[in-house]
Student: 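Let me begin by handing over the structure; questions about it come next.
Start at 1 with the first residue, then count along the sequence. Basis for what follows: all heavy atoms, side chains included, without hydrogens, waters or symmetry-related copies. Because the structure is predicted, anything quoted here is derived from the model rather than measured.
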Amino acid sequence: MTSERVQLTEEKLLSDNWYILKRFTFNYLGRNGQWTTQQREAYDRGNGATILLHNPEADTVILTRQFRLPTFVNGNESGMLIEACAGLLDNDHPDDAIRREMEEETGYRIQSVEKIMEAYMSPGSVTEKLFFYLAHYTADTERNAGGGIDEEEIEILELPVSQAMNMIRSGEIRDGKTIMLLQYLRLQQLNEN
């Protein structure tokens, strides 16, 4: 893999225990016209998708709460995190993957999902690109139990948008993708008024 300014010279597998961690050696052409040899590690867990379910009539959203070990080891006392529904693509198209994840995690079956953006969430160390979606639900939307599969224990929360926005300010919601989705929704609402 090469470009005008980057030439990969070595790729070394460091771990494939959970996902894939590799160390890359590459030549990089700086703005000064000089080539330098550098090394970086990149964690590849695949691409993912996330969705915010919004009920426009009640102005509520569906979020989840679950244990996230990396947050626990980085100061989140309980390890519990409030988030928008999300998951890996697992070789599916993002539209299909997010419908699958939405049903597994929240129980909601919604066919009409709107892709709103794509973003690299931690580009300094993780290869993952996240596809962001928004979907509408009502009290009549078809749903099953949700709550995750296998060892997942996912609590489903239905919150007023105003409360969710306050939870960002208070630090109760600290997940980046969730904050981005809630802020996107709030901006859309402000633009409609």
Side-chain angles (χ1 to χ4, degrees), residues 45-68 70-72 74-89 92-126 128-144 146-148 152-193:
R45 56 186 303 264
N47 292 328
T50 184
I51 191 164
L52 184 63
L53 302 176
H54 178 237
N55 180 333
E57 295 166 10
D59 202 25
T60 56
V61 291
I62 300 294
L63 299 175
T64 64
R65 183 186 347 247
Q66 61 184 305
F67 178 74
R68 296 298 198 185
T71 73
F72 178 75
N74 193 22
N76 180 2
E77 267 185 40
S78 70
M80 300 302 284
L81 201 64
I82 296 173
E83 327 175 35
C85 169
L88 296 176
L89 302 185
D92 287 338
H93 186 278
D95 293 4
D96 299 326
I98 200 55
R99 285 188 198 96
R100 178 191 71 235
E101 288 296 328
M102 179 175 40
E103 186 170 349
E104 288 174 7
E105 290 191 7
T106 70
Y108 283 90
R109 290 183 182 161
I110 300 172
Q111 291 305 309
S112 180
V113 296
E114 175 190 1
K115 181 181 165 200
I116 56 174
M117 67 179 122
E118 299 176 13
Y120 291 99
M121 297 303 292
S122 190
S125 59
V126 181
E128 180 184 33
K129 179 171 35 174
L130 202 55
F131 297 83
F132 288 75
Y133 288 86
L134 187 63
H136 296 297
Y137 75 97
T138 68
D140 299 325
T141 300
E142 180 184 356
R143 70 180 289 224
N144 61 35
E152 290 181 315
E153 292 183 3
I154 299 173
E155 180 184 355
I156 302 159
L157 308 173
E158 183 173 27
L159 304 169
V161 172
S162 59
Q163 181 181 351
M165 296 305 291
N166 286 333
M167 291 169 77
I168 294 171
R169 284 188 281 281
S170 72
E172 292 172 85
I173 294 178
R174 295 184 272 180
D175 174 61
K177 68 185 177 300
T178 305
I179 293 168
M180 291 169 68
L181 283 165
L182 287 167
Q183 289 180 338
Y184 176 89
L185 176 63
R186 179 55 89 201
L187 287 172
Q188 293 302 105
Q189 291 175 328
L190 291 172
N191 285 335
E192 290 170 4
N193 294 334

Student: Ignoring hydrogens and angles, tell me if any N or O in the side chain of Thr106 forms a donor-acceptor pair with the backbone of Glu103 under 3.5 Å.
Tutor: no
Student: How about Arg186 and Gln183: does a side-chain donor come under 3.5 Å of a side-chain acceptor?
Tutor: no
Student: How far does CD of Glu105 sit from CD of Glu155, to the nearest 0.5 angstrom?
Tutor: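 One finds 13.0 Å between CD of Glu105 and CD of Glu155.
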Student: Apply salt bridge (Lys or Arg N to Asp or Glu O under 4.0 Å) to residues Lys115 and Glu118 and explain how you reach the verdict.
Tutor: CA-CA 8 Å; Lys115 181 181 165 200; Glu118 299 176 13; 2.4 Å; yes
Student: Can you find a side-chain donor-acceptor pair between Glu158 and Asn55 that sits under 3.5 Å?
Tutor: no
Student: Does the side chain of Met117 come within less than 4.5 Å of Leu130's, by heavy atoms?
Tutor: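 Contact flag for Leu130/Met117 side chains = no.
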Student: Side chains of Tyr133 and Asp95 only: does a donor on one sit below 3.5 Å from an acceptor on the other?
Tutor: yes
Student: Please confirm whether the backbone N or O of Glu83 pairs with a side-chain atom of Thr64, one donor and one acceptor, at under 3.5 Å?
Tutor: yes
Student: Rounded to the nearest 0.5 Å, what separates atom OG1 in Thr50 from atom CE in Met121?
Tutor: 8.5 Å
Student: Minimum heavy-atom separation for Tyr108 and Leu53, please, with both atom names.
Tutor: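 Distance-wise, the nearest heavy atoms are CD1-CD1, 3.9 Å.
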Student: Applying side chain to side chain contact (heavy atoms under 4.5 Å, CB included) to Gln189 and Val161, what does each step give before you reach the verdict?
Tutor: CA-CA 11 Å; Gln189 291 175 328; Val161 172; 4.0 Å; yes
Student: If you compare all heavy atoms of Ala135 against all heavy atoms of Ser112, which two are closest, and at what distance to 0.1 Å?
Tutor: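 Scanning both residues completely, I find the closest heavy atoms to be CB-O, 3.8 Å.
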Student: Between Leu185 and Leu52, is any pair of side-chain heavy atoms under 4.5 Å apart?
Tutor: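 Side-chain contact under 4.5 Å: yes.
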Student: Does a side-chain heavy-atom distance below 4.5 Å link Leu81 with Arg65?
Tutor: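 When only atoms from C-beta onward are counted, Arg65 and Leu81 do not touch, as no gap falls below 4.5 Å.
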Student: Can you confirm whether Phe67 sits close enough to Glu153 that some side-chain heavy atom of one is under 4.5 Å from a side-chain heavy atom of the other?
Tutor: no
Student: To the nearest 0.5 Å, what is the distance between CG on Leu63 and CG on Leu181?
Tutor: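 Reported value, rounded in 0.5 Å steps: 9.0 Å.
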Student: Determine whether Val113 and Met102 make a side-chain contact, defined as any pair of heavy atoms from C-beta on separated by less than 4.5 Å.
Tutor: yes
Student: Quick one: pull up SG in Cys85 and CD in Glu101 and give me the separation to the nearest 0.5 Å.
Tutor: 6.0 Å
Student: Nearest 0.5 Å, what's the CD-CG distance between Glu114 and Leu134?
Tutor: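 Taking CD in Glu114 and CG in Leu134, the distance rounds to 5.5 Å.
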Student: Is a donor on one side and an acceptor on the other found under 3.5 Å between the side chain of Thr178 and the backbone of Ala84?
Tutor: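 Yes: the side chain of Thr178 pairs with the backbone of Ala84.
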Student: Could you walk me through whether Ile168 and Leu182 pass the side chain to side chain contact (heavy atoms under 4.5 Å, CB included) check?
Tutor: CA-CA 9 Å; Ile168 294 171; Leu182 287 167; 3.9 Å; yes
Student: To the nearest 0.5 Å, tell me how far Leu88 CG sits from Glu128 CD.
Tutor: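 Interatomic distance, Leu88 CG to Glu128 CD, rounded to 0.5 Å: 6.5 Å.
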Student: To check you understand the geometry: which heavy-atom pair defines the closest contact between Ala119 and Phe132, and what is its length?
Tutor: CB-CE1, 3.8 Å
Student: Output, in order, the C-alpha distance, side-chain angles, deciding distance and verdict of side chain to side chain contact (heavy atoms under 4.5 Å, CB included) for Arg169 and Met167.
Tutor: CA-CA 5 Å; Arg169 284 188 281 281; Met167 291 169 77; over 6 Å; no
Student: Hey, does the side chain of Arg143 reach the backbone of Arg109 with a donor-acceptor pair shorter than 3.5 angstrom?
Tutor: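 Here the side-chain-to-backbone pair does not exist.
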Student: Is any side-chain heavy atom of Phe131 closer than 4.5 Å to a side-chain heavy atom of Ile98?
Tutor: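 Counting from C-beta outward, Phe131 and Ile98 never come under 4.5 Å.
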Student: Give me the atom names and distance for the closest heavy-atom approach of Ala49 to Pro94.
Tutor: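 That would be CB-O, 4.3 Å.
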Student: Do His54 and Thr60 have side chains that approach each other closer than 4.5 Å (heavy atoms only, starting at C-beta)?
Tutor: no
Student: Going through the distances and angles, do Asn76 and Arg174 end up as a side chain to side chain contact (heavy atoms under 4.5 Å, CB included)?
Tutor: CA-CA 10 Å; Asn76 180 2; Arg174 295 184 272 180; 3.2 Å; yes
Student: With a 4.5 Å limit on heavy-atom distance, are the side chains of Ile62 and Ile156 in contact?
Tutor: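 Heavy-atom side-chain distance check passes, below 4.5 Å.
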